[in-house]
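Every heavy atom of this structure was used, including side-chain atoms; hydrogens, water molecules and symmetry mates were not.
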Amino acid sequence: MLARGVEPYPVGVPVTTTIAEVREQYEGALEAGEETQDVVGVAGRVVFQRNTGRLCFATLQDGAGERLQVMLSEGEVGAESLEHFKHDVDLGDHLFARGRVIRSRRGELSIFAEEWQIASKALRPLPVLHKDLSEEARVRQRYVDLIVRPEARDVARLRARVLRAVRDYLHGRDYVEVETPVLQALYGGATARPFTTHLNAFDMEVFLRIAPELFLKRAVVGGIERVFEISRNFRNEGVDSTHSPEFTSLEAYEAYGDYDTMATLTRELIQAAALEGTGSTLVTLADGTEYDLGGEWTTLSLYESLSEKIGEEITPETSVEHLLRLVEKFDDDVDPIRQTHGKLVEELWEHHVGDHLWEPTFVRDFPLDTSPLTRAHRSKPGVVEKWDLYIRGTELATAYSELVDPVVQRERFEAQAALIAAGDVEAMRLDEDFLTAMEYAMPPAGGLGLGIDRLLGAITGLGIRETILFPFVRPLG
RNA sequence: GGGGCCGUAGCUCAGCUGGCAGAGCAGGGGACUUUUAAUCCUCGGGUCGCGGGUUCGAUCCCCGCCGGCCCCA
């Protein structure tokens with residue numbers, strides 16, 4: 001091609017019409033074998049080629065996966081041009097063709113080319129289009145996955161629709177979207193290990209955020225009373241089908257709301273996102289099981305549902321020793337750091353109840369010691385006003401009646417400091433500036449955290465690595 | 001952290017009891033003016049993940065490492 005002076009990567013080609021527009025305009029309009037005199041210029045990636053001698057066929061695909069056939073005949077483009085086409089054009093190339101819109105004798109809508117040009121030459125062959133790419137190849141080379149697998153393109157577009165639905169819903173409730181620091185001098189808002197980096201200008205250690213919570217609450221103190229952020233968070237922990245080292249969350253805070261307010265908001269938000277994303281609240285998983293996100297959702301009490309399941313009364317007074325014996329029935333190596341009342345109760349509950357909740361279910365009223373940012377329950381002793389939302393056996397969202405009392409908040413931080421001293425690397429750090437903000441008085445508020453990647457999974461039935469366009473993979477070599 | 005399965009051509013995969021490395025698609029050459037994963041003839045294509053060991057001989061058996069997936073904690 002270069003020897004003939006053909007440019008393999010031209011600056012542009014004279015496209016007049018997209019493939020989708022041609023399909024839309026002529027789809028129902030032409031009989032098999034019927035020709036128009038309408039000349040269009042189209043471009044797309046060559047995904048199939050068929051060559052019958054003096055007539056060649058190429059199927060072009062656009063970015064959304066729409067396809068259109070191009071026909072090149074010796075009579076129309078000339079023998080020399082057709083020879084060059086056969087020699088130069090491979091699967092995977094971007095091709096431009098200008099010609100009349102016709103329908104072939106076999107009924108395929110086509111462009112009958114009078115002129116063609118390579119719009120961009122592919123140097124690597126396309127994978128087989130009729131077999132699934134291996135899971136590893138999909139994730140490592142998502143750009144190839146997107147070319148060959150319609151589902152990959154659909155997920156990327158569905159994610160965009162869901163995010164827009166989330167924003168639309170919150171804007172409809174007068175929420176303000178803000179952006180808070182990713183780079184933080186002190187991390188907080190969740191119990192997790194952070195990524196650490198170094199700020200050269202101040203010669204200090206800084207952290208990537210594990211959650212935006214403490215900054216969003218500062219915003220509420222300042223008067224942004226309905227505030228949300230769609231936040232990329234970083235947690236330096238295990239990687240599996242439900243955990244990614246970086247993930248996207250929605251956090252939302254509503255002054256004068258509580259955890260009940262946030263439950264209604266969460267249900268409506270997820271239902272709106274499902275309808276906008278897939279047109280239905282019914283979800284079918286790969287193995288055929290179904291669940292419905294529509295209607296009202298079940299609510300459980302954490303202690304009551306656990307007690308019922310194991311046939312024994314568990315309360316906030318149940319001793320650590322007794323809980324440990326119950327956990328050791330299925331986990332024979334409990335980390336000493338995890339041997340607190342709250343952590344053991346939560347592990348028991350997840351094992352016996354949470355892992356089996358497929359239909360959307362709110363579980364309410366958690367142990368106090370594992371929820372240092374949540375207010376104590378207004379009437380039940382020993383628990384906090386917090387719920388977790390479970391769908392498909394995993395935690396999708398959590399919400400609190402937020403703790404706004406700066407004196408109690410300081411005590412909670414001090415209890416966390418004791419855990420740090422005992423070696424708990426996930427315990428929360430005391431944040432003096434956050435406490436100072438609270439001392440200026442934060443209005444009573446409900447707060448919500450929701451995993452966007454898991455929301456995509458709950459709506460589509462896919463794993464987290466399918467819902468993230470470019471998940472982190474260990475480099476080769 | 002423990003267990004299981006997997007890694008062979010650009011892609012998807014075969015490869016028997018250890019004996020010269022295989023197919024389909026993709027790619028090169030040829031035939032064919034209405035194909036739909038076109039068809040037909042033909043050719044090229046390999047660090048069998050990496051490193052050791054056993055053996056006359058290892059893609060195959062053993063050990064270690066790297067990478068992936070699944071299950072368990």
Worksheet item: Do A:D93 side-chain atoms and A:A122 backbone N/O form a donor-acceptor pair below 3.5 Å?
Response: yes
Worksheet item: Do the side-chain N or O atoms of A:H87 get closer than 4.0 angstrom to the phosphate oxygens (OP1, OP2) of B:G29?
Response: yes
Item to complete: With heavy atoms under 4.0 Å as the rule, sort A:G33 into base, sugar-phosphate or nothing.
Response: nothing
Item to complete: Pick base, sugar-phosphate or nothing for A:R124, based on heavy-atom distances below 4.0 Å to the nucleic acid.
Response: nothing
Discussion item. Base, sugar-phosphate or nothing for A:R140? Non-hydrogen atoms, less than 4.0 Å.
Written reply: sugar-phosphate
Discussion item. Suppose we define a pair by two distances each less than 3.5 Å, Watson-Crick or G-U wobble; what does B:G46 pair with here?
Written reply: none
Worksheet item: Under the 3.5 angstrom rule, does the side chain of A:T16 hit a backbone N or O of A:G41 as a donor-acceptor pair?
Response: yes
Worksheet item: Among the nucleotides B:U36, B:U34, B:G29, which one has an atom lying closest to any side-chain atom of A:E108?
Response: B:U36
Item to complete: Any ring-ring contact (aromatic ring centres under 6.0 Å, His included) involving residues 116-138 of chain A? Give me the pairs, sequence neighbours left out, ordered by first then second residue.
Response: A:F48-A:H130, A:F85-A:W116
What does the list of N/O pairs under 3.5 Å between the protein and nucleotides 8-12 of chain B look like, with a distance for each?
from: B:U12; atom 1: OP1; to: A:S134; atom 2: N; distance (Å): 2.9
from: B:U12; atom 1: OP1; to: A:S134; atom 2: OG; distance (Å): 2.9

Worksheet item: With the threshold set at 4.0 Å, does a side-chain nitrogen-carboxylate oxygen contact exist between A:R103 and A:E31?
Response: no
Worksheet item: So, are A:R98 and A:E115 salt-bridged, with charged N and O less than 4.0 Å apart?
Response: yes
Fill in: Between B:C25 (P) and A:L91 (CG): distance, integer Å
13 Å
Worksheet, complete the sentence: Residues of residues 49-59 of chain A with a heavy atom under 4.0 Å from any atom of RNA chain B, listed by number, are A:Q49, A:R50, A:N51, A:T52, A:G53, A:R54, A:L55, A:F57
Worksheet item: So, does A:S280 use its side chain to make a donor-acceptor pair with the main chain of A:L282 at under 3.5 Å?
Response: yes
Practice prompt. Find the partner of B:G10: check Watson-Crick (N1-N3 plus N6-O4 or O6-N4) and G-U wobble (N1-O2, O6-N3) distances, both under 3.5 Å, and reply none if neither fits.
Written response: B:C25
